[in-house]
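This is a predicted model, so every value here is computed, not measured.
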Amino acid sequence: MATEREEFPAHFTFSQRYGYEPLPEPMRLGHISDDLRRHLWDEIHEFLQSITREGSYEEYFCDEEECLIRRILAEIQGDCRTEIEADPCKTRNFFRSVIMKGKFNKVLDCLEVVFNECLDFSKNDITTDKVLPLAERIAVLFEKYASAYWLDTSQRPYWFFPRASKEQGDAI
């Protein structure tokens, strides 16, 4: 006989466990829940803040971080790096828009580019100090929110994969 503690995953709140709030949305291909989006944005925002510097009058990226941001944005937007404005505020707004309002596939594309461009960018310690923990935290979020997708961080490049086929998802 299972105890009450064993019936629910650890991340369910009191309200969810006792029926005062709905349980998280079930796994559904082609979808990322609003809760997961909010937490993804928090992680990306924290990452961007960690590579942003503050000057006398404004925020800026150091040369290496600016080069990295240009590479990431150029890959996501399909532009030339020289055409990208690597302004911290505009960069945060772009990522927030993609993560909070973008189609699920664009969110996953965006995250993959961030991880893989950063890991390939070996000019400074961004790769080991910030990106690996970021990828691991995001992988945990996809688990916690029972997403239909998972992030494989076992080898590079880091990629997202569906947990089940479309047919299996429809059956569930």
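- When side chains are defined from C-beta on, L151 does not count as touching L108, because their heavy atoms never get closer than 4.5 Å.
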Where do I99 and I32 land on the side-chain contact (heavy atoms from CB on, under 4.5 Å) test, with the steps shown first?
CA-CA 10 Å; I99 292 169; I32 298 175; over 6 Å; no
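- Linking ILVMFWY residues whenever their side-chain heavy atoms come closer than 4.5 Å, directly or via other members, places V114 and F94 in the same cluster.
- The closest donor-acceptor contact from the side chain of D152 to the backbone of F160 lies at 3.5 Å or more, if one exists at all.
- Within the 4.5 Å cutoff, side-chain heavy atoms of F142 are placed close to those of L40.
- N93 has its side chain within reach of C89: a pair of non-hydrogen atoms, C-beta onward, lies under 4.5 Å apart.
- Put simply, the side chain of D109 does not reach to within 4.5 Å of the side chain of V113, judged on heavy atoms.
- To the nearest 0.5 angstrom, K144 atom NZ is 5.0 Å from H39 atom NE2.
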Using the rule given for side-chain contact (heavy atoms from CB on, under 4.5 Å), can you reason through C110 versus V107, listing the C-alpha separation, both sets of side-chain angles and the distance that settles it, and then say yes or no?
CA-CA 5 Å; C110 178; V107 174; 5.7 Å; no
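- One distance of note links CG of L134 with OG1 of T153; it measures 11.5 Å at 0.5 Å rounding.
- R96 CZ to L48 CG: the interatomic distance, rounded to the nearest 0.5 Å, is 12.5 Å.
- Not counting sequence neighbours, the partners of E43 by the side-chain hydrogen bond (donor to acceptor under 3.5 Å, both in side chains) test are R137.
- The two residues R92 and T52 make their nearest non-hydrogen contact at NH1-OG1, 4.2 Å.
- Here the closest heavy-atom approach between residue A74 and residue C80 is recorded as CB-C, 4.2 Å.
- Minimum heavy-atom separation, F61 to A86: CD1-O, 3.1 Å.
- With salt bridges taken as basic N to acidic carboxylate O contacts below 4.0 Å, one links E143 and R163.
- A salt bridge is defined here as a Lys NZ or Arg NE, NH1 or NH2 lying under 4.0 Å from an Asp or Glu carboxylate O, and E65 with R53 meets this definition.
- Here NE2 of H45 is found 10.5 Å from OG of S50. Values are rounded to the nearest 0.5 Å.
- In this structure, the side chain of Y149 does not engage the main chain of F104 through any donor-acceptor pair within 3.5 Å.
- For the pair R81 and E66, the salt-bridge criterion is not met [side-chain N within less than 4.0 Å of a carboxylate O].
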Hey, mind stepping through I76 and F95 against side-chain contact (heavy atoms from CB on, under 4.5 Å) and telling me if it holds?
CA-CA 10 Å; I76 293 169; F95 278 102; 4.0 Å; yes
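- Other cluster members for F161: W150, W159, joined by side-chain heavy-atom distances under 4.5 Å among Ile, Leu, Val, Met, Phe, Trp and Tyr.
- The CD1 atom of I84 sits 4.5 Å away from the CG atom of D79 when rounded to the nearest 0.5 Å.
- Summarising the geometry, atom CD belonging to E54 is positioned 5.5 Å from atom CD belonging to E59; distances are rounded to the nearest 0.5 Å.
- Looking only at distances, a side-chain donor or acceptor of T91 sits under 3.5 Å from a matching main-chain atom of D87.
- Cluster membership check: F47 does not share its hydrophobic cluster with Y60, using side-chain heavy-atom separations under 4.5 Å among Ile, Leu, Val, Met, Phe, Trp and Tyr.
- Of the possible donor and acceptor atoms, one in the side chain of R37 sits under 3.5 Å from a partner among the backbone N and O of G102.
- Applying the side chain to side chain contact (heavy atoms under 4.5 Å, CB included) criterion to S15, with sequence neighbours excluded, gives T13, Y20, E21.
- Follow the hydrophobic side-chain contacts under 4.5 Å out from M100 and you reach I72 in the same cluster.
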